[in-house]
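In what follows, a single structure is set out as structure tokens and then discussed.
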Amino acid sequence: MDASAPLPPASSRPGHRRGLPGRARALLAMLGMLAGFAPLALPAPAEAAPKRIIIVRHGEKLNPLKLCATGEERARALAAQYLSPTSPMSLLKGERPAAILAITLHTLETARPIAAAWGMRVPTNALMLTPIRNNRYFNSLINVQNRKVARDLLENPRWHGTTVVLVWEHFHIASAALEAEFAGEEVTLRQLLHLDQVKGVPGGVPATWPNPTFNYFWILDYDSPTAQVPARFTTVRQNFAPPFANLPNNAWGTPEQLPPGADCT
């Protein structure tokens, strides 16, 4: 955080040369001479990929402010089954995730029941609390946050050996259209997490997450803390057990069969 108070006069700051003893002044002078011959080496950024990243799209939405009834039910189902601390269906197998992260208002609404099941909170910021707008300006703000999250996941040692859950917005998971609109930038997780370089995926990792697809996970597994490309990419389709078996469960990229009277958009 930037300091708002002005600095005190140089002569009153700790370490100002006029107040240093002779030996300290000599050491500073020597360092200055050495700096003239060769720049001081700066440490390279740490590389510490998580053990696993689980990516899931937010639930179906009603409007820019909230999920529809089906989306709310999907959020509860994720918390009770696939991302549960206790369910035998859980992808987490009882392992507490290091974080459950969201990026927009709809993703936050989806993530909260999951975090509550683990006794955790979802970190929030002002952007995440703003009704989503599908325009270039708002997408550019999400682009910036997407880059921050991805860079932190691949460089911050706090994630080493952990599992992180990303409840995300599908354009910023994978979208050829968004990548074309912001050509020359890295804006999707597919770009930022180098998913185009994953080996052994027939046809490659999809370039776009389809609009009607809400019921899949992307799972990234890393084989070392310094890996910048996942060793494995797998997808899991959400086949919920009762009482959530009524949730739409369309195949990847096919139309979603919503229940009669659903208020989803």
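All residue numbers refer to positions in the sequence shown, counting from 1. Keep in mind that this is a model prediction, so the values were computed, not measured.
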Exercise. So, are Glu109 and Lys61 salt-bridged, with charged N and O less than 4.0 Å apart?
Worked result: no
Problem set entry | Heavy-atom side-chain proximity of Asn146 to Trp168 below 4.5 angstrom | yes
Exercise. If we only count heavy atoms from C-beta on, is the Pro85 to Leu92 side-chain gap below 4.5 Å?
Worked result: no
For this session: Establish whether Met120 and Ile103 are linked, either directly or via other cluster members, by ILVMFWY side-chain heavy-atom contacts under 4.5 Å.
Result: no
Exercise. Is the CZ atom of Arg232 crowded by more than 12 outside heavy atoms at less than 6.0 Å?
Worked result: yes
Exercise. What is the ring orientation for His106 with His58, classed by angle as parallel under 30°, tilted 30 to 60°, or perpendicular over 60°?
Worked result: tilted
For this session: Give me the ring orientation class for Trp218 and Trp209: parallel if the planes are under 30° apart, tilted from 30 to 60°, perpendicular past 60°.
Result: tilted
Problem set entry | Hydrophobic cluster membership, Val164 vs Ile55, 4.5 Å side-chain cutoff | yes
For this session: Using the side-chain contact (heavy atoms from CB on, under 4.5 Å) rule, take Tyr222 and Ile53 through it: C-alpha gap first, then chi angles, then the decisive distance, then the call.
Result: CA-CA 9 Å; Tyr222 294 81; Ile53 298 175; 3.7 Å; yes
For this session: Tell me, please, which residues at least two apart from Arg74 pass side-chain hydrogen bond (donor to acceptor under 3.5 Å, both in side chains).
Result: Glu60, Gln238
Problem set entry | Heavy-atom check, side chain of Arg136 versus side chain of Asn139, under 4.5 Å | no
Exercise. Can we say Arg52 and Glu95 salt-bridge, meaning some charged N sits less than 4.0 Å from an Asp/Glu carboxylate O?
Worked result: no
Problem set entry | Min side-chain heavy-atom separation Arg147-Glu185 under 4.5 Å | yes
